[in-house]
Number of protein chains: 2
Amino acid sequence: MIIEKLFSNFDNYLPLNSAEKQDLAGRVIQRKIKRKQFILQENDICKHYTFVAEGCFKKFQVDDKGTEHNLQFAAEGDWLMEIVSFYLEKPSRVYIEAIEPSVIFQISKPDLYHLYDSNPKFDRNFRVIIENRLVETENRVLQAISSTAEERYLAFIKQYPHLLSRLPNTQIASYLGITPEFLSKVRKDLLKK
Amino acid sequence: MIIEKLFSNFDNYLPLNSAEKQDLAGRVIQRKIKRKQFILQENDICKHYTFVAEGCFKKFQVDDKGTEHNLQFAAEGDWLMEIVSFYLEKPSRVYIEAIEPSVIFQISKPDLYHLYDSNPKFDRNFRVIIENRLVETENRVLQAISSTAEERYLAFIKQYPHLLSRLPNTQIASYLGITPEFLSKVRKDLLKK
DNA sequence: CCTTACTCTTAATCTACCTTAAGGGTATTT
DNA sequence: AAATACCCTTAAGGTAGATTAAGAGTAAGG
């Protein structure tokens, strides 16, 4: 069963016993998402915290010129949401779009809070998930302010080897904050070395 | 009493009653820190979550060339720590240094976990503090990959007006990911407009 | 109060990265 | 199977921001 992927995600933190698994299963919704389908659009309220069981998503913001900037990729085993919109119920500033056919599990805020209240293990687990996300994001800030595009590309390859073959270079360039043309040059220069 | 500043920080989230205040007060250590004093150095384990009651700190990383890169400023009312080092007890990659004479309250991990266990309100409050930090950090990533130095400087002024007059431009430049010389040029160009 | 250590600015030169444009290639969709 | 949309690369010219150096101004600490 595909929901096992959700359960086993918690093995990275405090693993769930069968009662807790049942508790969780009763509060998530399973959805099949097509390629290019959005699960969140700008100005919508983000109603769910999403776990990716299969496939891959991108979370991005669009600037005044219409250019997309990728903030996060989420593949099997990753969680994602628009944190401001979810917690403060403000209109989302970002889009979340499937870049592959995907299967996800979504939990609403009331259901999440119910889990928090019912069992401190969920509290702890979700705290750690968010902390991990903060670590990743801080690392990215550091790289952005201190590394060249080539260094950032090499770091990306190292950190997300499973994504490299699944993403077009245009998407990676958008994540790294450079143009696809310049990424092409960076890759060429790396081959020469 | 200066510890009131710590208590009233929680008024932004779920305010504490007097029993909870006492609980918290019994678990934090108050310290006076001099300008240029470090409360965390590279390779040390980050043992405390720090609340700044007075003064200001910078959290930064040093690269191979010896250049400092500022990841965060924390003034009155802000929390800071090295999250990986604190939770995973790994050697810190960053330094935390006072840039003004300061007064802080520190809580150790055992004490923090005790608060979490004793009362879910602390759980909730610290979750929100971390979520807010994540929001700030994600905004910074977006700016780094999509904005010019001038735009980032303007955003900094807007978001941290209370810090502007207290920080030398060299520190702001390090935060923005540019050289002090270029910040000087940006400021000059802005005056012309 | 004096000294020493920072800090800010300017300007010239240099480099990383962007923009525009164009051609060929590879998936997706019909 | 054809059509269409998307993707990758190359190259020329342009701009944002780095580097180096130097002089003047300001703050910190003894």
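From a predicted model like this one, the values you see are computed outputs, not experimental measurements. Each chain gets a letter, A, B and so on, in the order its sequence line appears, and its residues count up from 1.
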For this session: Could you tell me whether A:Arg93 and A:Glu82 make a salt bridge, using a distance below 4.0 angstrom between a side-chain N and a carboxylate O?
Result: yes
Exercise. Any side-chain N or O of B:Thr179 under 4.0 Å from OP1/OP2 of D:dA18?
Worked result: yes
Seminar exercise, completed: Result for 5'-nearest mapping on DNA chain D, choosing between A:Glu181 and B:Thr148, is A:Glu181
For this session: Please tell me which of B:Lys36 and B:Phe182 maps to the more 5' nucleotide of DNA chain C, matching each residue to the nucleotide holding its nearest heavy atom.
Result: B:Lys36
Exercise. Below 4.5 Å, heavy atoms only, C-beta onward: do B:Leu115 and B:Ile107 meet side chain to side chain?
Worked result: yes
Exercise. Between A:Arg124 and B:Tyr116, is NZ or CZ placed under 6.0 angstrom from the six-membered ring centre and within 45° of the ring axis?
Worked result: no
For this session: Name the closest nucleotide to the B:Pro168 side chain, picking from D:dA11, C:dT28, C:dC8.
Result: C:dC8
Problem set entry | Distance, rounded to the nearest Å, where A:Leu183 contributes CG and D:dC7 contributes C1' | 12 Å
Exercise. In whole angstroms, how far is the P atom of C:dC17 from the CG atom of A:Asp189?
Worked result: 11 Å
Problem set entry | Interatomic distance where CD belongs to B:Glu68 and C1' belongs to C:dC6 [whole Å] | 13 Å
Problem set entry | Side chain of A:Thr170 (C-beta onward), nearest among D:dC8, C:dA11, C:dC17 | D:dC8
Exercise. Taking 4.0 angstrom as the limit, do A:Glu138 and B:Lys59 come out as a salt bridge?
Worked result: yes
Seminar exercise, completed: Here the distance between atom P of D:dA16 and atom CD1 of A:Ile178, to the nearest Å, is 18 Å
For this session: Starting from C1' on C:dA27, measure out to CZ on A:Arg166 and report it in whole angstrom.
Result: 17 Å
Problem set entry | Separation of D:dG30 P from B:Arg35 CZ (nearest whole Å) | 12 Å
Problem set entry | Separation of atom CD in A:Gln37 from atom P in C:dT29, rounded to whole Å | 13 Å
Problem set entry | side-chain N/O B:Arg187 vs C:dT9 OP1/OP2, d < 4.0 Å | yes
Problem set entry | N-O pairing of A:Lys109 and A:Glu89 below 4.0 Å | yes
Exercise. Does D:dG17 have OP1 or OP2 sitting under 4.0 Å from an N or O in the side chain of B:Arg152?
Worked result: yes
Exercise. What is the distance from CG of B:Leu190 to P of D:dA16, rounded to the nearest Å?
Worked result: 13 Å
For this session: Please check the phosphate of D:dC7 (OP1 and OP2 only) for any side-chain N or O of A:Asn169 closer than 4.0 Å.
Result: no
